[in-house]
Amino acid sequence: MTLREITDRAGANVAAVSYHFGSLKALCDSAIEHALERYLDAQILALDSLDSTSTLQDLAAAFARPMMRALAAGGQDLAVMRTVARVGIDPPQGWGRLAGKFEQTRRDALPVLSSSLPGVDEQELIFRTRCAAGLLNWLALAPIGAELAAMSAEQIERQLVPVVAGAFHGYPAVGR
């Protein structure tokens, strides 16, 4: 797709878009970064609903909620999540500005993880959080994401929340 095709569809001035973004790649990077920021904001909002009585299941539901919504909505919402997940494999330079939001999602998950998994150190809990995020990205990209997209939001939640909770819980290594 060309920059002109995009600006024509958007009803935007190609010169203004070229001036503001500089290139088609920069425009695409900015759009993907914006989608990721919206995803992280939704995740942070969902995690804000947790309190000291929240369980790993509650944490998993909140953490996965934005992806579950995209899977249930399908179409453009899921296509955006797939694009963000693909680009996230080798993120562009601009994503560094989102490091604080990534960190906030991990920080927001830690109280529930720490109270649910006493004795597991913080670094391991952060690692598990990153693994759970990777699992959600994989779902957006893998063929199973299309299978999930054919399910209702409730079915997706029944299928996905226990898996994400399991990623958070982990399994003790032999010899620990």
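Index from 1, following the sequence. Small disclaimer: the values here were computed from a predicted structure and weren't measured.
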Backbone N/O of Ala140 and side chain of Arg82: donor-acceptor pair under 3.5 Å: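 Checking the backbone N and O of Ala140 against the side chain of Arg82, a donor-acceptor pair under 3.5 Å is found.
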Side-chain (Ser49) to main-chain (Ala46) donor-acceptor, under 3.5 angstrom: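 Yes: the side chain of Ser49 pairs with the backbone of Ala46.
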pair [X]-[Y]: side-chain heavy atoms closer than 4.5 Å:
X	Y	value
Phe168	Leu125	no
Met68	Leu160	yes
Thr2	Leu24	no
Leu141	Ile89	yes
Asp58	Thr53	no
Leu56	Val164	no
Glu37	Arg97	yes
Asp29	Phe21	no

Would you say [Y] ends up clustered with [X] if hydrophobic residues are merged whenever their side chains have heavy atoms under 4.5 Å apart, either directly or through other cluster members?
X	Y	result
Tyr39	Ile44	no
Phe63	Leu50	yes
Met151	Val163	yes
Val84	Trp138	yes
Leu45	Val112	no

How far does [atom1] of [X] sit from [atom2] of [Y], to the nearest 0.5 angstrom?
X	Y	atom1	atom2	answer
Gln43	Leu36	CD	CG	9.5 Å
Asn13	Ser18	CG	OG	8.5 Å
Lys101	Arg107	NZ	CZ	12.0 Å
Leu27	Ser30	CG	OG	7.0 Å
Glu147	Gln159	CD	CD	9.5 Å
Thr55	His169	OG1	NE2	11.5 Å

How close do [X] and [Y] get, counting heavy atoms only, and between which atoms?
X	Y	result
Leu59	Leu47	CD1-CD2, 3.5 Å
Ala165	Ala60	N-CB, 3.4 Å
Ser116	Ser54	OG-O, 4.3 Å
Val161	Ala61	CG2-CA, 3.7 Å
Pro91	Gly88	CD-O, 3.3 Å

Salt bridge or not for [X] and [Y], using N-O below 4.0 Å?
X	Y	value
Glu157	Arg65	no
Glu124	Arg128	yes
Arg69	Asp77	no

Should Leu139 and Leu148 be marked as a side-chain contact (heavy atoms from CB on, under 4.5 Å) after you check the CA-CA gap, both sets of side-chain angles, and the distance that decides it? CA-CA 9 Å; Leu139 282 173; Leu148 289 172; 3.9 Å; yes
Could you tell me whether Gln155 atom CD has more than 12 heavy atoms of other residues or ligands within 6.0 Å of it?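 Yes, CD of Gln155 has more than 12 neighbouring heavy atoms, counting only those of other groups under 6.0 Å.
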